[in-house]
Amino acid sequence: MSRKKIAAGNWKMNTQINEGIALAKYIADAERDKGVITILAVPFTHIYAIQKKIKSSSKVLLAAQNCHHKTSGAFTGEISPVMLAGMKVPYVILGHSERREYNYEDNALLALKLRAALNSGLKVIFCCGESLNIRKAGNHLHHVQLQLQESLFQIEVREMKHITIAYEPIWAIGTGETASPAQAQEMHEAIRAMLKQKYGKGVAEKTSILYGGSVKGNNAKSIFSQQDVDGGLVGGASLSGEEFVSIINSF
Ligand code: PEP
């Protein structure tokens with residue numbers, strides 16, 4: 001079964017608007033493997049301008065890095081999934097470890113966010129992954145299983161076609177330390193087995209599972225070549241057009 005190959009860049013809270021536009025244009029215009037779904041998770045402030053500057057024929061898709069769990073209301077400073085859908089933003093990232101850590105987003109809140117995002121018509125890149133302590137204690141598989149059970153597995157089987165999973169071990173995010181291809185494969189295979197148990201073989205085989213954690217141009221190939229790794233969610237290296245394009249071309 002061939003699954004969608006995806007390279008998603010997470011810019012986090014980086015780039016001024018002109019830099020963001022230039023970076024998005026570089027990637028949109030670059031010679032790259034068009035069989036790889038290319039997603040840029042840009043700051044909210046950049047979405048409108050970047051949409052105007054890149055041609056839809058470039059097949060670069062945008063994502064938000066977060067959204068609220070309500071559709072509207074007195075939530076100062078928040079962005080609702082309906083607003084994103086209204087702007088035709090196709091994807092939102094939910095459950096990134098930085099939001100779990102700095103914004104205290106727990107599995108229960110993420111279940112609400114998933115519900116709201118899917119009800120609004122967004123596709124979701126759902127992040128999971130363990131800390132170094134959890135890995136050292138050997139509890140990483142159980143930890144990720146709980147993250148999926150308490151958030152993602154609240155959704156219906158028919159909605160799973162809108163989900164991409166990103167496994168991101170926290171100890172590898174922004175640290176320069178990457179999970180080995182074997183460590184990534186072990187977790188991705190386990191996640192696929194969890195999907196199979198919950199939603200059946202068809203969903204398990206069709207759901208793309210991305211690896212995230214210090215993916216670079218020089219290590220992407222060895223990670224993406226693992227059987228259950230369908231691409232990457234890339235932070236730091238997605239801020240360089242050249243580096244990100246080389247990651248896109250690593251499948
Ligand atoms: C991320 O933040 O999703 C990420 C994987 O970051 P980095 O590639 O910089 O480790």
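Read the numbers this way: they start at 1 and go in the same order the structure lists the ligands and their atoms.
- A heavy-atom cutoff of 4.0 Å around ligand 1 is satisfied by the protein residues Asn10, Lys12, His96, Glu168, Ala172, Ile173, Gly174, Gly212, Gly213, Ser214, Leu233, Val234, Gly235, Gly236.
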Show every donor-acceptor pair shorter than 3.5 Å between a side-chain atom in residues 152-159 and any protein atom, with sequence neighbours excluded, or say none if there are none.
residue	atom	partner	partner atom	Å
Gln154	NE2	Gln149	O	2.8
Glu159	OE1	Arg115	NH2	2.7
Glu159	OE1	Glu156	N	2.9
Glu159	OE2	Arg115	NH1	3.0
Glu159	OE2	Arg115	NH2	3.2

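- Exactly one of Leu23, Ile21, Ile50 qualifies for a side chain to side chain contact (heavy atoms under 4.5 Å, CB included) with Val42. That residue is Ile50.
- The salt bridge (Lys or Arg N to Asp or Glu O under 4.0 Å) test applied to Glu105 returns Arg99, Lys113, not counting sequence neighbours.
- If you check the side chains of Glu130 and Tyr167, you find a donor sitting under 3.5 Å from an acceptor.
- When Ile54, Ile27, Leu61, Ile47 are each tested for a side chain to side chain contact (heavy atoms under 4.5 Å, CB included) with Leu40, only one passes: Ile27.
- Partners of Lys201 according to the salt bridge (Lys or Arg N to Asp or Glu O under 4.0 Å) rule, which considers only residues two or more places apart in sequence or in another chain, are Glu205.
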